[in-house]
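Working notes, structure below.
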Amino acid sequence: MRAAVLRQFASFALIGLANTAVYYAVYASLNIWLPYLAAHVIGYAVSVTGSFLLNSRLTLRTRPTWRAYARYPLSGAVNVVGSGILLHLAVSRLGMDENLAALAAGILVTPVSFLLARWAIVSGAAATERRRPPEGPVREGASRE
């Protein structure tokens with residue numbers, strides 16, 4: 001089981017790196033024609049959607065669901081807020097270099113973000129499965145609506 005979780009974490013981290021590159025590419029491309037905030041929002045939406053789909057299929061090997069997609073941004077929010085707090089504390093209290101502090105904060109918060117993303121995807125898929133009607137033949141005279 002530990003090997004599976006380590007594989008999932010490594011996959012999550014690699015997808016996160018690719019996701020960051022996608023965000024910056026979309027943002028840089030759109031910021032030429034659109035205001036900063038619009039380009040940022042579109043880049044973020046594209047990267048979160050791509051990250052969710054890749055992590056659902058490749059990392060956790062499950063089908064993406066709308067419930068999981070609705071829960072998934074929580075992991076990103078925790079990552080941004082947590083790393084921001086750690087970055088601030090490292091720079092203001094410990095006097096660390098900002099770039100080194102940002103790297104350390106990102107590394108420290110990523111495992112928590114991974115656990116939340118995994119929870120969002122797995123629990124969203126499980127909740128959808130519980131609501132799905134049972135598979136199998138429909139009895140004569142009965143309808144499955």
Side-chain angles (χ1 to χ4, degrees), residues 1-138 144-145:
M1 171 138 160
R2 283 186 188 223
V5 173
L6 288 175
R7 181 202 58 79
Q8 289 174 349
F9 181 74
S11 176
F12 178 80
L14 289 174
I15 289 170
L17 290 173
N19 178 45
T20 301
V22 166
Y23 161 75
Y24 282 123
V26 171
Y27 166 75
S29 300
L30 294 178
N31 196 33
I32 297 168
W33 300 288
L34 296 175
Y36 160 78
L37 189 57
H40 172 70
V41 167
I42 293 170
Y44 184 76
V46 167
S47 67
V48 165
T49 301
S51 175
F52 167 73
L53 293 172
L54 288 172
N55 277 311
S56 293
R57 286 292 187 182
L58 300 178
T59 303
L60 299 172
R61 300 178 182 177
T62 186
R63 257 185 21 179
T65 65
W66 286 108
R67 285 178 185 264
Y69 184 66
R71 296 172 181 182
Y72 188 76
L74 177 64
S75 70
V78 166
N79 193 322
V80 168
V81 171
S83 60
I85 291 169
L86 290 176
L87 173 62
H88 173 73
L89 292 174
V91 171
S92 67
R93 305 275 188 215
L94 302 176
M96 287 179 71
D97 172 68
E98 291 174 354
N99 293 321
L100 184 60
L103 180 63
I107 290 170
L108 289 172
V109 174
T110 298
V112 175
S113 180
F114 164 69
L115 292 174
L116 281 171
R118 194 169 98 170
W119 165 82
I121 292 170
V122 171
S123 70
T128 300
E129 285 298 319
R130 284 192 302 270
R131 295 181 51 101
R132 189 167 302 197
E135 297 287 329
V138 178
R144 187 175 287 158
E145 296 178 53

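- Applying the side-chain hydrogen bond (donor to acceptor under 3.5 Å, both in side chains) rule to pairs touching residues 32-43 yields Y23-H40, sequence neighbours excluded.
- Taking CD1 of I121 as the reference point, atom CZ of R71 lies at 11.5 Å (rounded to 0.5 Å).
- Rounding to the nearest 0.5 Å gives a distance of 5.5 Å between CD1 of I42 and CG of L30.
- Scanning both residues, L87 and E98, for their nearest heavy atoms gives CD1-O, 3.6 Å.
- The two residues R118 and V5 make their nearest non-hydrogen contact at NH1-CG2, 3.4 Å.
- For the pair S11 and T59, the tightest heavy-atom approach, listed with the atom from each and the gap, is OG-OG1, 2.8 Å.
- Looking only at side-chain heavy atoms (C-beta outward), V78 and S113 stay at 4.5 Å or farther from each other.
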Exercise answer: donor-acceptor pairs, residues 101-110 side-chain atoms, under 3.5 Å, sequence neighbours excluded:
residue, atom, partner, partner atom, Å
T110, OG1, G106, O, 2.5

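- Take T49 and apply the side-chain hydrogen bond (donor to acceptor under 3.5 Å, both in side chains) test, not counting sequence neighbours, and it matches Y69.
- Note that the OG atom of S47 and the CG atom of N19 stand 4.5 Å from one another [nearest 0.5 Å].
- Scanning for side chain to side chain contact (heavy atoms under 4.5 Å, CB included) contacts around V80 gives an empty result, with sequence neighbours left out.
- Within the structure, ring pair (Phe, Tyr, Trp, His ring centres under 6.0 Å) pairs that include any residue of residues 70-89 comprise F52-Y72 (at least two apart or interchain).
- N31 pairs by the side-chain hydrogen bond (donor to acceptor under 3.5 Å, both in side chains) definition with Y27, not counting sequence neighbours.
- By the side chain to side chain contact (heavy atoms under 4.5 Å, CB included) test, A38 pairs with L34, P35, sequence neighbours left out.
- With sequence neighbours excluded, the residues satisfying side chain to side chain contact (heavy atoms under 4.5 Å, CB included) with L100 are M96, D97.
- Pairs engaging residues 100-121 under the ring pair (Phe, Tyr, Trp, His ring centres under 6.0 Å) rule: F9-F114, F12-F114 [sequence neighbours left out].
- Rounded to the nearest 0.5 angstrom, L74 CG and L116 CG are separated by 5.0 Å.
- Among residues two or more places apart in sequence or in another chain, the side-chain hydrogen bond (donor to acceptor under 3.5 Å, both in side chains) test is passed with S83 by none.
- Residues V122 and T62 fail the side-chain proximity criterion, which asks for heavy atoms closer than 4.5 Å.
- If you take CZ on R7 and CG on L58, they are separated by 9.0 Å, rounding to the nearest 0.5 Å.
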